[in-house]
Amino acid sequence: ERNDRAGRSFKRGGGETLPVLFRRRELKAGILVSLATVLFLGSYYFLLPVIPLRLTSLGWRKSEIGNLMAIFSLASLIVRAPAGVMADRRGPMAVLFGSALFSLAAPILYLLGFSFLSLAGAQTISGLIIGAFAIASTGLISLLIPKEHAAEAISWYSIALIAGKGFGPAAGTWIFS
């Protein structure tokens, strides 16, 4: 028989502990963080197919569009290790709130116009935000779930990451078309 952090016991008839998915506290926390992840990631990934389509319609060359889109990935890659260190030092909630705060700047840059510089700035900010959010939210899930079930919880949470990255572009393409 095992206890969670609150000292509650979770034991089934055969002596097996209940999976994380079926525990009330963990389920509620996991659903909230996962839903926030789907919405937060989906808000950028919604633009992923729309930006190239819009820029193509404005006459941008494919190489310009490719370079612009690569800026997001590069920024997201670069920020992940520092975001992990910051989440360990200040807590994942601080990084999540920082990501949410900075996410307000990107739409302003997207609205400033279709110059390479303004869109590169928006892509950079978006990459930094999404990279930091992904690391901090995974860290938060690992803190909310008892250690012996961390891998299981993160596996369920990774579905939310993929859902945000999958449904966002589908919705963006559907609305833009």
After noting the C-alpha distance and the side-chain angles of I71 and F116, does the key distance pass the side-chain contact (heavy atoms from CB on, under 4.5 Å) rule? CA-CA 11 Å; I71 291 170; F116 187 85; 4.1 Å; yes

Heavy-atom closest contact ([X] atom, [Y] atom, distance):
X: A160; Y: V38; result: O-CG2, 3.4 Å
X: A94; Y: R90; result: CB-O, 3.8 Å
X: P169; Y: L48; result: CG-CD2, 4.5 Å
X: S76; Y: G131; result: OG-CA, 3.5 Å
X: A106; Y: A122; result: O-CB, 3.9 Å

Can you give me every donor-acceptor pair (side chain of residues 50-66, partner residue at least two apart or in another chain, under 3.5 Å) with its distance?
from, atom 1, to, atom 2, distance (Å)
T56, OG1, P52, O, 2.7
S57, OG, R54, O, 2.6
E64, OE1, R61, N, 2.9

Return the CG to CD1 distance between L96 and I135, rounded to the nearest 0.5 Å. 11.0 Å

With the 4.5 Å side-chain cut-off for hydrophobic clustering, are [X] and [Y] part of the same group?
X: Y110; Y: F114; value: yes
X: L47; Y: L74; value: no
X: L112; Y: Y44; value: yes
X: L140; Y: L161; value: yes
X: I125; Y: L41; value: yes

Does [atom1] in [X] sit with more than 12 non-hydrogen atoms of other residues, nucleotides or ligands closer than 6.0 Å?
X: M86; atom1: CE; value: no
X: L101; atom1: CG; value: yes
X: F176; atom1: CZ; value: yes

Output all residues satisfying side chain to side chain contact (heavy atoms under 4.5 Å, CB included) with S99, sequence neighbours left out; order by chain, then residue number. F40, V95, I129, A132, F133

Do I108 and L104 make a side-chain contact, defined as non-hydrogen atoms from C-beta onward lying under 4.5 Å apart? no

Side-chain heavy atoms of F102 within contact of L128, under 4.5 Å: no

Can you list the residues that meet the side chain to side chain donor-acceptor pair (under 3.5 Å) rule with S118, with sequence neighbours excluded? S115

Give a yes or no on whether the backbone of A100 and the side-chain of S103 come within a donor-acceptor separation of less than 3.5 Å. yes

Quick one: do the S137 and Y157 side chains pair a donor with an acceptor below 3.5 Å? yes

Test Q123 against L109 for side-chain contact (heavy atoms from CB on, under 4.5 Å), laying out the working first. CA-CA 9 Å; Q123 287 286 84; L109 290 172; over 6 Å; no

Students often mix this up, so state it plainly: with edges at 30° and 60°, are the rings of Y45 and F72 parallel, tilted or perpendicular? perpendicular

